[in-house]
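Right, one structure below, let's go through it.
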Amino acid sequence: MNHYDYIVVGSGIAGLYVALLAIKRGSVLILTKGSIDDCNTKYAQGGIAVAMGKDDSPELHYKDTIAAGDGLCDTEAVRILTEEAAECIADLITLGVPFDTLDGEITVAREAAHSVSRIIHAGGDATGERIEVTLSRQVRSTPIKVLEYCLVSDILLEDGRVKGVRALDWRTGSAEEYGCQFLILATGGDGRLFRYTTNSDVVTGDGIALAFEVGAEVSDMEFFQFHPTVFRLPGVAPFLISEAVRGEGGILRNVEGYRFMPDYTPEAELAPRDIVTRSIVAEMKKTHSDRVFLDVTHLPARLITTRFPHIYRFCRDHGLDATKGLIPVAPAAHYLMGGVRVNSWGETSIPGLFAAGETACTGVHGANRLASNSLLESVVFGKRVVQRTESLDKAGLASSFAVAGEAEQFHFLPDREMLPDVPPLNLPNLQALMSEKVGIIRSGEGLNEAASILATWRPSPDKGRGREGVLFSRPSPDKGQGWEGLPFPTPTDRASYELDKLVLCARLMTEAALLREESRGAHFRTDFPEPRPEWQRHMIFSRGRC
Ligand SMILES: Cc1cc2nc3c(=O)[nH]c(=O)nc-3n(C[C@H](O)[C@H](O)[C@H](O)COP(=O)(O)OP(=O)(O)OC[C@H]3O[C@@H](n4cnc5c(N)ncnc54)[C@H](O)[C@@H]3O)c2cc1C
């Protein structure tokens, strides 16, 4: 077994940044499922939040983040995020990320729910792409070993500690084990759970499912953010129209041309994402339409073409001049606030196992992420992961992961009755179920129905082993076998592996949403439409130590 000091799974901003810091301390292997730049990071448009403007401060950024999180942010984590932000942005600049400047100063833009302008960006609305290209180029110039098209299928433990991973080159079908001292999951969220999504097709919740399967704690899975404004035309793949467009003055109109946001909230188009999203859903229902419109025709054409060149080009490629006509938009799945529960050093409840980026739940987003805080979270807490491994090296491998406090509730994934008659499990059926029953608007009845179907598709990991053979018997790579005795994953089997991980994430999301009998942040239930003080706590799922 080849051994590395660090194995990093994933090559978005979190994985690449961690790897670049870790290589200064030891050997590093990056395993990534697609090509190095297959990830969500490259799609990020708006930018990164950091208190840089003259009228801004980490304290103000802290307050805005806490307000958006709707009572569930971890205050210590938000302090760290906002106070360590500038140092990490300086690192990115040193690494060569070309943030946009004006007269030699980095420019800051406004986004919804930020009280001042504080979003730095690159290439106008190509921030994520510029970051991904810069960091992957840097990685290529170091001794970091990168294995592309390698899907990590299992985490290996020894005496309760991480020992390494099993990975498959899914193009050739060859499986290999790699050993490490520190394993960092940077596999992104689970946005492919839903039919309309802004997420890349590699974002299938793998890291969360892998960590849960070996006994790590998973938290806040019920909080999933839908982006309010995603380009919506039949036959056109969802394409995000950045929050920053509303930040610059874009307004929302229904299909009758009426500006509706002021009817829902005094903050109008600049309200937090969950409020804008639900207002749009209500307006679409009222007007019997599958879309509303974003109007930027009153803004200077030059602002649109220079500040949002990607968006402008995308619209033009679909026959629409955004400076003259209205942009059709609707909400789509976007960002997972929950994930693998980590402390402020990125440690999970399994010694040697870390998580960074969207896979991790650091607690900074609470029930609702403030726009442009996720790229920032990836670098701030990614840096802390590497800092922590330094002290662990000196002090031995003891984890400082704390047991849950009073404000947290533990759950095991419950057993449910198998339903005799469920639709066959495939990605479209899973996405339809999640979009209809566990999407923007939820209810106890719909969640219950979804939970039973999901449990029939994928019984609890420790239960119904006999039944698991139906679809998801654990693969045994030693025997060169995959699911249901198939030869080990080929490209088609990559899809069935991903489906397995998605269903587990769907179960965690649905059971958490069902337990949370209130509405808070991105989680909205028609049967409990208000926040309830007794629910000002986190929910943690674990299957116990393996
Ligand atoms: C359209 C869009 C716009 C956005 N705009 C912004 C913005 O302006 N500002 C902001 O802060 N945030 C934004 N976000 C959110 C932000 O981009 C993401 O949260 C962030 O990029 C996540 O980075 P990451 O490194 O954690 O994961 P990702 O960038 O998603 O990378 C995940 C990596 O893990 C790999 N992987 C997954 N499973 C496996 C496996 N089993 N084995 C091996 N590799 C695996 C993938 O191949 C990929 O390389 C946006 C998101 C989207 C989708």
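Here the structure is a predicted model, which is why all the values come from computation and not from measurement. Atoms within each ligand, like the ligands themselves, are counted from 1 in listed order. Nothing fancy with the numbering, it's 1 onward along the sequence.
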Is the distance between the ring centroids of His365 and Tyr335 under 6.0 Å? yes
Only counting residues at least two apart or in another chain, list the ones meeting side chain to side chain donor-acceptor pair (under 3.5 Å) with Arg291. none
A student checking ligand 1 against Gly357 at a 4.0 Å heavy-atom cut-off should list atoms 26 (O)
Hey, does the side chain of Lys33 reach the backbone of Val202 with a donor-acceptor pair shorter than 3.5 angstrom? yes
Looking at Asp206, is its backbone amide N or carbonyl O close enough to the side chain of Glu498 to form a donor-acceptor pair, meaning the two atoms are under 3.5 Å apart? no
Note the single closest protein heavy atom to atom 19 (O) of ligand 1, along with its residue, its atom name and the distance in Å. Glu358 OE1, 2.7 Å
May I ask whether Arg369 places a heavy atom under 4.0 Å from ligand 1? yes
Could you tell me the residue and atom name of the protein heavy atom closest to atom 25 (O) of ligand 1, and the distance to it rounded to 0.1 Å? Ala14 N, 3.0 Å
A cation-pi test, strictly: NZ or CZ of Arg79 under 6.0 Å from the centre of the six-membered ring of Tyr62 and no more than 45 degrees from its axis. Yes or no? yes
All heavy atoms of Asp64 vs all of Arg118, minimum pair found to be OD2-NH1, 2.8 Å
List every atom of ligand 1 that sits less than 4.0 Å from any heavy atom of Val203, numbering the atoms from 1 in the order shown and giving each element. 30 (O)
Starting from atom 28 (P) of ligand 1, find the nearest protein heavy-atom neighbour and note its residue, name and distance. Asn40 N, 3.6 Å
Ligand 1 and Thr41, any nitrogen or oxygen pair closer than 3.5 angstrom? yes
Give yes if a backbone or side-chain nitrogen or oxygen of Thr32 is under 3.5 Å from a nitrogen or oxygen of ligand 1, and no if not. yes
Aromatic ring proximity Tyr196/Phe194, centre distance under 6.0 Å: no
Options Val379, Val165, Thr187, ranked by nearest heavy atom to atom 37 (C) of ligand 1, top entry: Thr187
What protein heavy atom is closest to atom 35 (C) of ligand 1, reported as residue, atom name and distance in Å? Gly10 CA, 3.5 Å
With a cutoff of 4.0 Å, is Lys42 in contact with ligand 1, counting heavy atoms of the residue only? no
Does any N/O atom on Asp206 come nearer than 3.5 Å to any N/O atom on ligand 1? yes
If you measure every N or O of Ser378 against every N or O of ligand 1, does any of those distances drop under 3.5 Å? no
Donor-acceptor check, side chain of Arg543 to backbone of Leu413, threshold 3.5 angstrom: yes or no? no
For ligand 1, find out whether one of its N or O atoms is nearer than 3.5 Å to an N or O atom of Gly46. yes
For atom 9 (N) of ligand 1, find the nearest protein heavy atom and state the residue, atom name and distance (0.1 Å precision). Gly47 O, 2.8 Å
Please determine if Leu375 has a nitrogen or oxygen closer than 3.5 Å to a nitrogen or oxygen of ligand 1. yes
Can you label the angle between the Phe182 ring and the Tyr6 ring as parallel, tilted or perpendicular, going by 30° and 60°? tilted
Return the residue, atom name and 0.1 Å-rounded distance of the protein heavy atom closest to atom 6 (C) of ligand 1. Ala44 CB, 3.5 Å
Please state whether Asn199 comes within less than 4.0 angstrom of ligand 1, counting heavy atoms only. yes
Looking only at distance, does Asp38 have an N or O less than 3.5 Å from an N or O of ligand 1? yes
For the pair Tyr178 and Tyr4, name the ring-plane relationship: parallel under 30°, tilted 30 to 60°, perpendicular over 60°. tilted
Any donor and acceptor pair, going by atom type alone, linking the side chain of Trp457 with main-chain N or O of Asp500 inside 3.5 Å? no
With heavy atoms of Gln45 as the reference, note each atom of ligand 1 found under 4.0 Å away. 5 (N), 8 (O)
Would Ile48 count as a contact of ligand 1 if the rule is a heavy atom under 4.0 Å away? no
Would you check if the side chain of Ser27 reaches a backbone N or O of Asp5 as a donor-acceptor pair within less than 3.5 Å? yes
Counting N and O atoms only, with roles assigned by atom type, does the side chain of Thr359 sit under 3.5 Å from a partner on the main chain of Gly207, one being a donor and the other an acceptor? no
Centroid-centroid distance, Phe231 to Phe314, less than 6.0 Å: yes
Using a 4.0 Å heavy-atom cut-off, say whether Ser242 meets ligand 1 through its side chain, its backbone, both or neither. neither
Using a strict cut-off of 4.0 Å, indicate which atoms of ligand 1 neighbour a heavy atom of Ala186. 32 (C), 33 (C), 34 (O)
N/O separation below 3.5 Å, Leu240 to ligand 1: no
Taking all non-hydrogen atoms of both residues, which atom of His114 and which atom of Ala371 are closest, and how far apart? NE2-O, 2.7 Å
Examine ligand 1 and decide if any of its atoms is less than 4.0 Å from a heavy atom belonging to Ser153. no
Taking the inter-plane angle between the rings of Phe223 and His523 on a 0 to 90° scale, is it parallel (under 30°), tilted (30 to 60°) or perpendicular (over 60°)? perpendicular
Show which atoms of ligand 1 fall inside a sub-4.0 Å distance from at least one heavy-atom site of Cys39. 28 (P), 29 (O), 31 (O), 48 (C), 49 (O)
Val9: numbered ligand 1 atoms lying under 4.0 Å from its heavy atoms: 42 (N), 43 (C), 44 (N)
Determine whether more than 12 heavy atoms belonging to other residues, nucleotides or ligands lie under 6.0 Å from atom CZ of Arg316. yes
For Val152, the ligand 1 atoms whose distance to one of its heavy atoms is below 4.0 Å: 40 (C), 41 (N), 42 (N), 43 (C)
Which of the atoms of ligand 1 are close to Leu31, meaning less than 4.0 Å from one of its heavy atoms? 43 (C), 44 (N)
To the nearest 0.1 Å, how far is atom 14 (N) of ligand 1 from its closest protein heavy atom, and which atom is that? Ser374 OG, 4.0 Å
With nothing but distance in play, are any N or O atoms of Thr359 less than 3.5 Å from an N or O of ligand 1? no
Here the pair of heavy atoms bringing Arg494 nearest to Asp201 is NH2-O, 4.2 Å
Can you pull out the closest protein heavy atom to atom 27 (O) of ligand 1? Residue, atom name and distance to 0.1 Å, please. Gly188 CA, 3.5 Å
